[in-house]
Number of protein chains: 2
Amino acid sequence: MNGCIRSEDKHSTDKYCETIMKASSVRLLHTLKAENSFKFADISVRLAGPERLQSKPEVKSLQFGKHFTDHMLKVEYDQRAGGWQRPIICPMEYLSLHPAAKVLHYAVELFEGMKAYRGFDDKIRIFRPELNMSRMNLSAARSGLPVFDPEELIQCMCRLISIDQEWVPHSHAASLYIRPTLIGTEATLGVGAPESALLYVILCPVGPYFGSSGVEKPVSLLADPSFIRAWPGGVGDRKMGSNYAPTIKVQETASMKGFQQVLWLYGEDRQITEAGTMNMFIVFKNHNGERELVTAPLNGLILPGITRLSILQLAKEWNEFKVSERVITMGELITLSKEERLLEVFGSGTACVVTPVSSIHYQGDEIKIPTTQTDNPIYKKILHTLTDIQYGAVAHPWARPIDF
Amino acid sequence: MNGCIRSEDKHSTDKYCETIMKASSVRLLHTLKAENSFKFADISVRLAGPERLQSKPEVKSLQFGKHFTDHMLKVEYDQRAGGWQRPIICPMEYLSLHPAAKVLHYAVELFEGMKAYRGFDDKIRIFRPELNMSRMNLSAARSGLPVFDPEELIQCMCRLISIDQEWVPHSHAASLYIRPTLIGTEATLGVGAPESALLYVILCPVGPYFGSSGVEKPVSLLADPSFIRAWPGGVGDRKMGSNYAPTIKVQETASMKGFQQVLWLYGEDRQITEAGTMNMFIVFKNHNGERELVTAPLNGLILPGITRLSILQLAKEWNEFKVSERVITMGELITLSKEERLLEVFGSGTACVVTPVSSIHYQGDEIKIPTTQTDNPIYKKILHTLTDIQYGAVAHPWARPIDF
């Protein structure tokens, strides 16, 4: 039977879960016990016939999220039928949804982003999937959608990946993006938690997120305080679809002005929160002359990124520079820049991994950032360490090999 | 040819549009010119066979948004095919969506809520549809979705209603709810404006929104400042799906505590913004001894309700009491209550029409509101005036008869 080797202990997952729950400014009754989860053992598989199998795109022509593999995973939930149904792997197919399905009207939807990597040893690994699953359950609880046993979904996904394993690119600049999605399907127009839902997982081979130029090409950011991504008492710390639609037009405006991403600020003091769909990191020389790595704290405004957490954990382990989770403002950034103490700015995320930032445009001024010109930049060490773990160049408990 | 009589001049629609655009705290390049709109003249109709026609539910058993009529309207948009395609009326059917459709991941979706009323003269009328269409286009522009010519969609909807006319309840306590919806269908996982979209309209006969008890039964509200519906720099003034998902769990928590709706507050001073999915109105005796009707201003945090606007316009026309659009806070409400100057609190919306509020629970205290015990309450005069217009008891330019 295909499956995954458990490589991370339950304790650290629970701790992450606890941390991101505590960090939330919104306290709700989270009923995260999934006593009636679907089970991997119940999975059924219907393979696509040979005539339906697609040819795989070349790695160099891969664009983010445009090519999909031959199969998908589906798990239906229906309260009237006792909750979660059996997981099904089937040929990739269109979904049939009632036009009144709550996902189409009230954005009752959430997703996760993960990747499978083909290692130097040709083994396929996934990165800390239990953290994505914990976060997915937190998003579900916040959305009125059903929760599940994380390990059961991981096993189902590993089975799906093993079936579509030839879609995992034979390249260390590419990977297989995994998109678990959970939507409310109940066909009634009252605003409320749905009685039926669909969890599904689709896969797509992906190259670098920001086009063919590669992840190391730095990006420019537009920081416009008139647009706010998340706010206290909202859901900015949950991976719900509703956090994304409002950003699209803003991103388009930034692109039209020639900037690649939006830097999201918050509050009168212009706190730096996130950029596009990435967490943000800033490296500077502090008053003690030492390098300091700062990222915004999980105060409810920040998506608790798995890459973000991994960076913090690695950096603390290395103990080579100071590491802080605290509010950092545009004012502070401008001062650092003027005093030539600003060394690096970079974003992190599953899709982009680590992306250096070359400039931030703010209220008519351009703050230039020497990220890619800095000696021994931290972003590069992080990027190499993470990719070494993900592609199995080093053995590490964060990379879980898929067992065929 | 079936269609609608134009009953409201373009000037007042443009003015509304301008008002709600100006009121927005978010300024974007709104390209609201729909030079390539679909056209009513191109509509095609495929009727359901007699075996597919459903029996109509009894008026007394109607629940909001649970029963759908036999037909729907669909208009596809595809940039590669030149934009908007021909409108189609077809039997009510499931939608076929790619699992990567942007609506399912990033909440690229918006909707409107309207009603058709069967009048005392058996004519069917719709209420100020041009205002819903203007708002729908504003939501579309904010979402990266395509805009259209409002009058063309109104004509298409009127045709749909005329086909399903027997579904418009023969009752003056019920109506046919109209749900125009616009979703992004492009099947790529990048966060961005979709190249393809689907506009569709479904219809459902509805009774009173808050159950069979009727609209006049007052509701209780829970005001919990730890949950924020909308914020400056966000999209709280647009009817996008993303505004609703985050409210579901909060509403569930309120229900579990025994309250019917959530009263949404904003800011340190606890401004009263909306309740559930309704705009809020407060009537009190001011220091001059006159009655004053207050509602929150369109400052970006408030959905610009058509019922809200109609109430303000009626009240100003009556000139019987003072009418204000201004910020009103919980502190002010508590003072008014203590001084026995608080007369009425009510919500307004297409679904609920006008709904009196009997109490607000706030930080452990209960503010009782004598809304339904007040002499000659304003909410009742508004309710009766609006329903008289909607059901054609009086001739009024706001009610547009559907021409068969």
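In what follows, every chain begins at residue 1, and chains take the letters A, B, ... in the order their sequences are listed. Model, not experiment: these values are computed from the prediction. Below, all heavy atoms of this structure are taken into account, side chains as well, without hydrogens, waters or symmetry copies.
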Student: Based on non-hydrogen pairs under 4.5 Å, which of A:G144, A:S143, A:A100, A:S255 is most in contact with chain B?
Tutor: A:A100

Student: So for A:E93, is it side chain, backbone, both, or neither that comes closer than 4.5 Å to the heavy atoms of chain B?
Tutor: backbone

Student: With only heavy atoms counted, which part of B:I248 is less than 4.5 Å from chain A, the side chain, the backbone, both or neither?
Tutor: side chain

Student: Among A:G241, A:G276, A:A101, who wins on heavy-atom pairs under 4.5 Å with chain B?
Tutor: A:G241

Student: Please state whether the side chain, the backbone, both or neither of B:R179 comes within less than 4.5 Å of a heavy atom of chain A.
Tutor: side chain

Student: What I want to check is whether the side chains of B:K102 and B:T188 have a donor and an acceptor closer together than 3.5 Å.
Tutor: yes

Student: Heavy-atom pairs under 4.5 Å with chain B - which of A:G192, A:C204, A:G184 has more of them than the others?
Tutor: A:G192

Student: Got a salt bridge between A:E112 and A:R135, using NZ or NE/NH1/NH2 to carboxylate O under 4.0 Å?
Tutor: yes

Student: Any idea how A:H98 and B:Y94 line up, ring-wise: parallel (<30°), tilted (30 to 60°), or perpendicular (>60°)?
Tutor: perpendicular

Student: Decide if atom CD of A:Q363 counts as having more than 12 heavy atoms of other residues, nucleotides or ligands within a radius under 6.0 Å.
Tutor: yes

Student: Under a 4.5 Å heavy-atom cut-off, does chain B meet the side chain of A:I202, its backbone, both or neither?
Tutor: side chain

Student: Non-hydrogen atoms of chain B under 4.5 Å away: do they reach the side chain of A:L97, the backbone, both or neither?
Tutor: both

Student: Looking only at side-chain N and O atoms, does B:S96 offer a donor or acceptor that is under 3.5 Å from a partner on A:S96?
Tutor: no

Student: Are B:Y200 and B:F111, when compared by the centres of their aromatic rings, separated by less than 6.0 Å?
Tutor: no

